[in-house]
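Here the structure comes first, spelled out in structure tokens, and everything after it is commentary.
Read the numbers this way: they start at 1 and go in the same order the structure lists the ligands and their atoms.
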Amino acid sequence: MNPLIAPPLPFDMKPRAREAVRDLKLQQFVGNATHLKDTQRGGIFGRDFGPDYDDLRTVARDTKQYALDHLDELLERFIASAEKSGAKVHAATTGREACDIALAIARAHSAQDRAMSCVKSKSMVTEEIGLLPAFEAAGIKTLETDLGEFILQIDGDAPSHIVTPMIHKDRVATAKSFVRELGARYTEDPTELTMIAREHMRGLYRSADIGVSGANFLLADEGAAVICTNEGNFDLSVGGPPVHIVFVGIEKLIRGARDLAPFLKLLARSGTAQPLTVYTSFVRGPRRAGEHGGPKEVHFVLVDAGRVGVLASEKRDLLRCIRCGACLNACPVYRKVGGHSYGSMYAGPIGAVLTPELERAQGNADAGLANYADLPRASSLCGACYEACPVKIDIPKFLMHDRARLRERGLSPKSEGHTLKLWRWLAERPAMFRLAIRAVRLHARMLGQREKTADGERSWLKSAPGPGAGWTQSRDLGVATGESFREWFANRGKTGGGS
Ligand code: SF4
């Protein structure tokens, strides 16, 4: 498994975050891309749904919640429908089991005289279970066919975003990789770069023994998987090889095609600000008599890997996630530290709560949070992730929950406890509170005074002492302008503002 997404435990996020903040290219690429996607997301929902957007989110939340509440029943229905279509359905309790199932399928098709090969389209769950290292150890050569994943594969790199896996790289890095690894001529033109990758992959689709994919949704009524892509690589990886294996987390189940529309409307708009992904593909059973295309065998590997444990916990809402990536784009912390800082394939706000929970559900009860104690603190609790989430997962609530559990178990820094005690002491004494706030504002105004620099201007205080040093290492000290919240609250009746 790539150490970038499966680091030694307990995981220490801070060194990675510091390195990311110092990496100016990462700051530029991740900052620009996330800001753009987040702005475009707001724009397309405003344009297409206006005030009805929230109703659509509510429908999606309730539909997914219904599916989670009836998962047993939906699983049975899915298995019956898929098997009726001729597919084989396997259940894997752990990631290791899921890999072993795939290896057994591969062995059943192996030819003695040559090594096997696999074409794979993008799938988070295969990253989660470590499928590629398992295939590699068994001598099965796997080609990532999603363009971003392919570039990361030839670079020995790891995805850093759920939807845009190579968000931390640009076309210059890609051009150099193609020269080095594929012997291509140097070009930074995106169309030419795509053509180089396309030429490299085309023949491999035809010669591969196995195709592998994930799925965005599983339809219980139809026994089908739905795969949303923009590049058409899934259709080639299911159409070329004789065997196709779909790996999918059990939480992807919904009742059927009748429930799909709200999710398709929300998924592409939330992730990439598109009305729909370019391809919405369905896979059910193997090719039928008289059909010329499609695999001769289709396998669904339904992966638990901790999901049943999450379902039984107070964090069951997390399983509603449709992996759109919108909370990552909206998060001010993700924008600064990038995906590799989270030490998991699930980065950003959803990763900060899901990673420890999946770990907990698979290991001993407390290991998850202890191993990932930095993650719940990697948030400003601004609530942007909740506002961006198309299925209304209240991520800040779960971050607070985890912070409270860390405190109960003595895993929070001492300074946090002292700060909270001081805050409580002040909050119980309104006169002292007002005085303290005035003093803080006065100091902030003095220390944040602007001075001209070669690049424009910045605050006079470039390096704060003590615990404030972390702030000024990567940010300018801002000065709050306008009225304070208390002033606004006191004045709102007089000016007619507020509600
Ligand atoms: S938590 Fe919500 S916003 Fe974040 S990836 Fe999942 S569905 Fe998207």
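Checked by atom type, the side-chain pair S213/H244 shows a donor-acceptor distance below 3.5 Å.
Excluding waters, the set of protein N, O or S atoms lying under 2.8 Å from atom 8 (Fe) of ligand 1 comprises C324 SG.
Taking the six-membered ring where the residue is Trp, the centroids of Y279 and F234 are separated by 6.0 Å or more. Taking the six-membered ring where the residue is Trp, the centroids of F178 and H200 are separated by 6.0 Å or more. A centroid separation of 6.0 Å or more is found between the aromatic rings of Y342 and Y372.
Side-chain contact between R269 and F45 is present, with at least one heavy-atom pair separated by less than 4.5 Å.
By the salt bridge (charged side-chain N to carboxylate O under 4.0 Å, His left out) test, R61 pairs with no residue at all, sequence neighbours left out.
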